[in-house]
Amino acid sequence: PVATAASNNPALSTLVAAVKQAGLVDTLNGLKDVTVFAPTNDAFAKLPKADLDKVLADKALLTKILTYHVVPKTVTTADLASGSFDTVEKGKLTTMGSGQNFTVGSAGAKIVCGNVKTANATVYIIDSVLMPPAA
């Protein structure tokens, strides 16, 4: 499942630590047919350390941000061209692009690796952390 698969990818170790901190491992592994936009370690490193520390210390905020990266359905590459998706967090994520160049969210996070299948999810690895509009 997705959280277990992410733990096997060294580029996602910060995300895995955040998911564990929020207590979301079993939740994510228990979801069916979801899409996860997974920020890399470099994506987390873009955040100011004080901001990242604040988020990691606030379980409710961390959960809100992490669940904003999860869409409760399978998103295909074709869907990414011009999509708007409800997230598990109850927000909306938009995607756009074509070919090998797709972005996610209002800040334009780039998808660096896409359409990775796990037992319960499709994963798109992104270069920025997505922030819910209210966060």
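Every value quoted in this text rests on a predicted model; they were computed, and no experiment measured them. Residue indices begin at 1 and follow the sequence shown.
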Q: With no hydrogens and no angle check, just 3.5 Å: does a side-chain donor-acceptor pair link Asp127 and Thr40?
A: no
Q: With sequence neighbours excluded, tell me which residues meet side chain to side chain contact (heavy atoms under 4.5 Å, CB included) with Ala22.
A: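 For Ala22, the residues satisfying side chain to side chain contact (heavy atoms under 4.5 Å, CB included) (neighbours in sequence not counted) are Leu24, Leu62, Thr63, Leu66.
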Q: With Val34, which residues qualify under side chain to side chain contact (heavy atoms under 4.5 Å, CB included), at least two apart?
A: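 For Val34, the residues satisfying side chain to side chain contact (heavy atoms under 4.5 Å, CB included) (neighbours in sequence not counted) are Leu31, Val36, Val70, Ala121.
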Q: Looking at side-chain heavy atoms only, is the closest gap between Pro132 and Ile65 below 4.5 Å?
A: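 In short, these two side chains touch, coming nearer than 4.5 Å.
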Q: Counting only heavy atoms not in Asp26, do more than 12 sit closer than 6.0 Å to its CG atom?
A: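 For Asp26, atom CG is not crowded (no more than 12 foreign heavy atoms under 6.0 Å).
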Q: What pairs with Lys90 under salt bridge (Lys or Arg N to Asp or Glu O under 4.0 Å), at least two apart in sequence or on another chain?
A: none
Q: Would you name the heavy atoms of Ala11 and Asn9 that are closest together and state the gap between them?
A: N-OD1, 2.9 Å
Q: Check side-chain hydrogen bond (donor to acceptor under 3.5 Å, both in side chains) between Ser82 and all other residues, then give those that pass, not counting sequence neighbours.
A: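 Partners of Ser82 by the side-chain hydrogen bond (donor to acceptor under 3.5 Å, both in side chains) criterion come out as none, since no residue qualifies.
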Q: If I compare all heavy atoms of Ala38 with all of Val123, which pair ends up nearest, and what's the gap?
A: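 That closest heavy-atom pairing would be CB-CG1, 3.9 Å.
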Q: Kindly write out the residues that satisfy side-chain hydrogen bond (donor to acceptor under 3.5 Å, both in side chains) with Asp51, not counting sequence neighbours, or none if the list is empty.
A: none
Q: Tell me who clusters with Ile126, hydrophobic residues only, linked when side chains sit under 4.5 Å apart either directly or through other members.
A: Phe37, Tyr68, Val71, Val75, Leu80, Phe85, Leu93, Phe102, Val104, Ile111, Tyr124, Leu130
Q: State, with a plain yes or no, whether a side-chain heavy atom of Asn120 is found less than 4.5 Å away from one of Thr118.
A: yes
Q: Please check if atom NZ in Lys117 has more than 12 non-hydrogen atoms from other residues, nucleotides or ligands closer than 6.0 Å.
A: yes
Q: Check whether any side-chain N or O of Thr35 sits under 3.5 Å from a backbone N or O of Lys73 as a donor-acceptor pair, and report yes or no.
A: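 Here the side-chain-to-backbone pair exists.
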Q: Could I get the full list of side-chain hydrogen bond (donor to acceptor under 3.5 Å, both in side chains) partners for Ser128, not counting sequence neighbours?
A: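 Partners of Ser128 by the side-chain hydrogen bond (donor to acceptor under 3.5 Å, both in side chains) criterion, ordered by chain and then number, come out as Lys46.
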Q: Among the clusters formed by ILVMFWY side chains lying less than 4.5 Å apart, do Leu56 and Leu12 turn up in the same one?
A: yes
Q: Any side-chain heavy atom of Val88 within less than 4.5 Å of one from His69?
A: no
Q: Return each pair, listed once, that meets ring-ring contact (aromatic ring centres under 6.0 Å, His included) where at least one residue sits in residues 1-20; pairs must be two or more places apart or across chains.
A: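 Every pair satisfying ring-ring contact (aromatic ring centres under 6.0 Å, His included) with a residue in residues 1-20: there are none.
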Q: Among residues two or more places apart or on two chains, list those pairs meeting salt bridge (charged side-chain N to carboxylate O under 4.0 Å, His left out) that have a residue in residues 92-106.
A: Asp86-Lys92
Q: Rounded to the nearest 0.5 Å, what's the gap from CG on Asp58 to CG on Asp53? Could you check?
A: 12.5 Å
Q: Excluding sequence neighbours, so at least two apart, what forms side chain to side chain contact (heavy atoms under 4.5 Å, CB included) with Lys54?
A: none
Q: I need the full list of side-chain hydrogen bond (donor to acceptor under 3.5 Å, both in side chains) pairs touching residues 14-24, with sequence neighbours left out, sorted by first then second residue.
A: Thr14-Asn41
Q: Looking at residues at least two apart in the chain, or sitting in another chain, which of them share a side-chain hydrogen bond (donor to acceptor under 3.5 Å, both in side chains) with Asp79?
A: Thr76
Q: Considering all heavy atoms of both residues, which atom of Val129 and which atom of Pro39 are nearest to each other, and what is their separation?
A: CG2-CB, 3.9 Å
Q: Do Leu47 and Val16 sit in the same hydrophobic cluster, where Ile, Leu, Val, Met, Phe, Trp and Tyr count as joined when their side-chain heavy atoms come under 4.5 Å apart?
A: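 Per the 4.5 Å side-chain linkage, Leu47 and Val16 are not co-clustered.
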